[in-house]
2 protein chains.
Amino acid sequence: MLAHDRVYRTLRVQIMHGELEPGISLTLRGIGKQFGVSMTPAREAVRRLVAEGALSLSASGRVSTPDLSNERIEELASVRALLEPELASRALPRAHIALIERLSAINSTVSEVVAKGDAVGYIRTNLEFHRTIYLRAQAPAMLAMAETVWLQLGPTMRKLYGRMQRTEAPFQHRAILTALRAGDEQGLKAAIRNDVAGGLRMLVG
Amino acid sequence: MLAHDRVYRTLRVQIMHGELEPGISLTLRGIGKQFGVSMTPAREAVRRLVAEGALSLSASGRVSTPDLSNERIEELASVRALLEPELASRALPRAHIALIERLSAINSTVSEVVAKGDAVGYIRTNLEFHRTIYLRAQAPAMLAMAETVWLQLGPTMRKLYGRMQRTEAPFQHRAILTALRAGDEQGLKAAIRNDVAGGLRMLVG
DNA sequence: CATGCAGCATTGTGATCACAAATGTTCGTC
DNA sequence: GACGAACATTTGTGATCACAATGCTGCATG
């Protein structure tokens with residue numbers, strides 16, 4: 001596999017899952033050393049991640065994980081609340097019983113990692129729950145945009161993990177599952193909105 | 001200004017405004033020569049544009065303007081129909097008379113370039129009309145996502161320019177202006193939806 | 001003890017090069 | 001004339017280097 005792609009993918013997952021805190025400084029040489037490559041692929045990976053909002057550039061070109069303002073957090077939450085109900089809506093006709101059972105299993109894992117206080121595990125399994133639904137929507141461009149938003153929120157979610165009422169997520173997810181089982185499109189969209197916006201709305205206050 | 005940034009900005013505008021057709025091949029050395037720089041800044045600009053969907057990469061790393069499938073076009077139109085009414089809605093309370101007059105002037109330019117059959121001019125002024133509204137929304141992340149969609153659609157809009165009923169755009173825009181003047185949020189959102197989705201829906205058939 | 005400045009280390013940028021893979025071309029064969 | 005193989009060219013990738021600018025450290029000064 002190409003070096004710059006390997007660096008990109010690894011960093012992307014780390015950022016999206018909240019393995020890095022906001023405001024952490026990265027250097028091209030440091031990334032290169034970490035992955036055993038030269039500056040060149042590190043530079044390309046960083047450039048790509050910056051373009052996706054996963055990393056921030058200072059005026060002088062220094063690289064760091066983004067430290068989002070409350071306004072920006074609310075804005076990204078609004079984008080989630082726009083895109084994700086639509087994705088869920090498109091997935092609904094294709095959501096069979098096997099999918100719902102798989103989602104239920106993922107949701108059990110969410111409860112487990114919440115009980116353990118595992119921030120990264122919580123973010124990862126929570127996103128896995130959502131992605132599993134949206135993959136059924138057959139809308140790759142829309143899903144990519146939603147994932148870009150998750151990516152931008154990764155470090156922030158880690159930072160605010162303590163402030164989130166994480167025990168509520170499995171309940172919200174159960175509402176999603178109920179709507180999926182019932183084929184209730186409006187209920188599904190509302191449940192998704194509650195889950196994605198509700199979780200982030202109150203942690204900026 | 002930084003070389004790679006200059007290359008990026010220039011190519012980005014060219015792509016967004018439909019100055020390049022879909023499927024055009026680009027090379028790093030060619031871009032470098034065109035801008036009087038080495039491969040390095042050309043590479044970074046291309047990497048960034050690929051990350052934004054403005055350019056496509058073949059399996060072997062060759063760069064070209066994207067040639068979108070009908071499914072992808074409809075999907076991107078749906079994203080526009082989700083994001084842009086929200087942006088307009090947020091701009092509405094801040095839309096004063098001076099803004100509306102400026103929009104009206106832009107719309108006159110749209111009519112002129114349509115009359116001239118100027119595809120690039122049509123795309124540019126049409127996007128300028130929308131951006132002028134959305135800038136008032138004070139939602140930079142959401143606007144950035146909308147612009148990313150425009151960017152991805154740039155070459156395709158050029159290709160399908162002949163099939164678009166471009167003379168209808170100024171009318172749709174007038175409906176937008178009417179709703180803005182009346183402070184009619186629901187009417188505004190509907191007018192935006194008609195404009196962005198309506199224009200693209202019928203050109204994929 | 002705080003502050004500002006000089007000197008130093010760190011960092012991103014752009015150019016150049018070697019290399020391998022992919023692409024295009026040419027020529028021969030059927 | 002069409003097809004295929006060998007060759008030549010083009011192209012992206014990754015490494016390395018020089019350079020300028022930025023950020024940091026420590027020391028002297030008030």
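Numbers restart at 1 for each chain; the letters A, B, ... are given by sequence-line order, proteins then strands. Note that this is a predicted model, so its numbers are computed, not measured.
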Nucleotide by nucleotide, nucleotides 9-16 of chain D touches protein heavy atoms under 4.0 Å in the pattern (B base, S sugar-phosphate only, - none) --BBBBBB
Take B:S78 and A:R90, measure what side-chain hydrogen bond (donor to acceptor under 3.5 Å, both in side chains) needs, and give me the verdict at the end. CA-CA 12 Å; B:S78 298; A:R90 291 177 182 227; 2.9 Å; yes
Could A:D67 and A:R72 be called an ion pair, given the rule that one side-chain N must be under 4.0 Å from one carboxylate O? no
Geometric class of the A:Y134/A:W150 ring pair [parallel <30°, tilted 30-60°, perpendicular >60°]: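 Correct class here is tilted.
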B:D118: partners by side chain to side chain donor-acceptor pair (under 3.5 Å), with sequence neighbours left out: none
With sequence neighbours excluded, what pairs up with B:F35 under the ring pair (Phe, Tyr, Trp, His ring centres under 6.0 Å) test? none
